[in-house]
Amino acid sequence: MIAQTIKMYSEKEYLELERKAEYKSEYYRGEIFAMAGAGSNHNRITENLSVEIGGYLKDKSCQSFSSDMRLHIPENGLYAYPDFLVACGRLEFTDQDKEILVNPTIIIEVLSRTTSAYDRGDKFHLYRSIPTLLEYILIDSQSINVEIFRKNDNGSWILESETENIDDHITISACNFQLKLRDIYARTSGLIKPKAI
């Protein structure tokens, strides 16, 4: 049996490759991970977030960005493309590139079958290293389910709320906005109904 070696890249090599690439990749500890294409519900939800949250923030001190905004976490070295993020106050970027944000306030990930475990586990663990991050929101693209995690005054993360009710709304405290689940899931299709208890 021959052991396979994984090619390791420096941050500089990753950024050079990423600038020329036709598709997006994330980077962590020397490894580059190609991002899979998103399904129609995933894309619809992301677009709905852009319309609803982006419209609300139009004249506010916070700005929203969709999945093309690259994020860097200097504390652990991750480069990622969150599905949706909000940065409040002055935008801060890496020194070498004014297109790589480092100070998000809110990150929203839209879960799919292939990304759900990573977004809930390792990725959330890495995101918690961001000093400015106050809220992490997970939106399922296969069923109606939204979870909001918030950083409390002690710096600990707690599950603030979870809902599977299409008639509910969520409160995004960091930008003082209420968002209806009907608006999040507008024009999606084939959602799995929540299991009865």
Start with the C-alpha gap between Tyr185 and Ile45, add the side-chain angles, then the distance that decides, and say whether side chain to side chain contact (heavy atoms under 4.5 Å, CB included) holds.
-> CA-CA 6 Å; Tyr185 286 100; Ile45 290 167; 3.8 Å; yes
Go through the steps to decide whether Ile184 and Ile170 satisfy the test side chain to side chain contact (heavy atoms under 4.5 Å, CB included), and finish with yes or no.
-> CA-CA 10 Å; Ile184 294 172; Ile170 61 168; 4.1 Å; yes
Chi angles and distances behind the side chain to side chain contact (heavy atoms under 4.5 Å, CB included) call for Asp83, Leu49 | CA-CA 10 Å; Asp83 290 318; Leu49 294 171; over 6 Å; no
Side chain to side chain contact (heavy atoms under 4.5 Å, CB included) between Ile137 and Ile148, intermediate numbers included | CA-CA 5 Å; Ile137 301 170; Ile148 299 179; 4.0 Å; yes
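Taking the side chain as every heavy atom from C-beta outward, Glu99 and Arg70 never approach each other to under 4.5 Å. Residues Leu179 and Val146 are not in side-chain contact: their nearest non-hydrogen atoms beyond the backbone lie 4.5 Å or more apart. For the pair Glu47 and Arg187, the minimum side-chain heavy-atom distance is 4.5 Å or more. At a threshold of 4.5 Å between non-hydrogen side-chain atoms, the residues Arg150 and Ser173 count as touching. Counting heavy atoms from C-beta outward, Met35 and Ser67 have side chains that stay 4.5 Å or more apart. In this structure, Leu181 and Ile166 have side chains that are in contact, with non-hydrogen atoms separated by less than 4.5 Å. At a threshold of 4.5 Å between non-hydrogen side-chain atoms, the residues Thr105 and Glu135 do not count as touching. Residues Tyr118 and Glu26 form a side-chain contact, since some pair of their non-hydrogen atoms from C-beta on lies under 4.5 Å apart.
No close placement of the Tyr27 and Tyr9 rings is indicated, their centers lying 6.0 Å or farther apart.
Across Glu147, Glu109, His125, a single residue satisfies side-chain hydrogen bond (donor to acceptor under 3.5 Å, both in side chains) together with Arg120, and that is Glu147. Each of Ile106, Ile108, Leu101 was checked for a side chain to side chain contact (heavy atoms under 4.5 Å, CB included) with Leu85, and the lone residue meeting it is Leu101. Checking Tyr127, Phe124, Tyr136, Phe149 one by one against Trp157, the ring pair (Phe, Tyr, Trp, His ring centres under 6.0 Å) holds for a single residue, Phe124. For the side chain to side chain contact (heavy atoms under 4.5 Å, CB included) with Leu71, the qualifying choice from Thr94, Ile130, Val102, Ile100 is Ile130, the only one to do so.
Ion pair Glu31/Arg29 not flagged as a salt bridge, since none of the NZ, NE, NH1 or NH2 atoms sits closer than 4.0 Å to an Asp/Glu carboxylate oxygen.
Of all the heavy atoms in Glu18 and Lys24, the pair that sits closest is OE2-CA, 3.4 Å. Nearest heavy-atom pair, Ala34 versus Tyr23, reported as atom, atom and distance to 0.1 Å: CB-CE1, 3.9 Å. Ser112 and Ser141 get closest at one heavy-atom pair: CA-OG, 3.8 Å. Nearest heavy-atom pair across Phe93 and Met69 is CE2-CE, 4.4 Å. Residues Tyr14 and Ser25 come closest through the heavy atom pair OH-O, 2.7 Å. Residues Arg113 and Gln142 come closest through the heavy atom pair N-NE2, 3.3 Å.
SG atoms of Cys62 and Cys88 are separated by less than 2.5 angstrom, consistent with a disulfide link.
Note that CG of Asn152 and CG of Leu134 are 11.0 Å apart. Values are rounded to the nearest 0.5 Å. Taking CG from Leu57 and CD from Gln63, the interatomic distance works out to 9.0 Å, rounded to the nearest 0.5 Å. Taking CD1 of Ile172 as the start and CZ of Phe177 as the end, the distance is 6.5 Å to the nearest 0.5 Å. Here the OH-OH distance, from Tyr79 to Tyr28, works out to 13.5 Å after rounding to the nearest 0.5 Å. Taking CD1 of Ile139 as the start and CG of Asp119 as the end, the distance is 11.5 Å to the nearest 0.5 Å.
Asn154 is linked by a side-chain hydrogen bond (donor to acceptor under 3.5 Å, both in side chains) to nothing, counting only residues two or more places apart in sequence or in another chain. Partners of Asn145 by side-chain hydrogen bond (donor to acceptor under 3.5 Å, both in side chains), not counting sequence neighbours, listed by chain and number: Glu162, Glu164. In this view, Ser129 and Asn76 satisfy the side-chain hydrogen bond (donor to acceptor under 3.5 Å, both in side chains) rule, not counting sequence neighbours.
Leu133 and Leu91 fall within a single hydrophobic cluster, where Ile, Leu, Val, Met, Phe, Trp and Tyr are joined by side-chain heavy atoms under 4.5 Å apart, directly or via other members. Val51 and Val110 fall into different hydrophobic clusters, where Ile, Leu, Val, Met, Phe, Trp and Tyr are joined by side-chain heavy atoms under 4.5 Å apart, directly or via other members.
In this structure, Lys180 places its NZ atom where only 12 or fewer heavy-atom neighbours from other residues, nucleotides or ligands lie under 6.0 Å away.
Without hydrogens or angle criteria, Thr115 side chain to Leu111 main chain gives no donor-acceptor distance under 3.5 Å.
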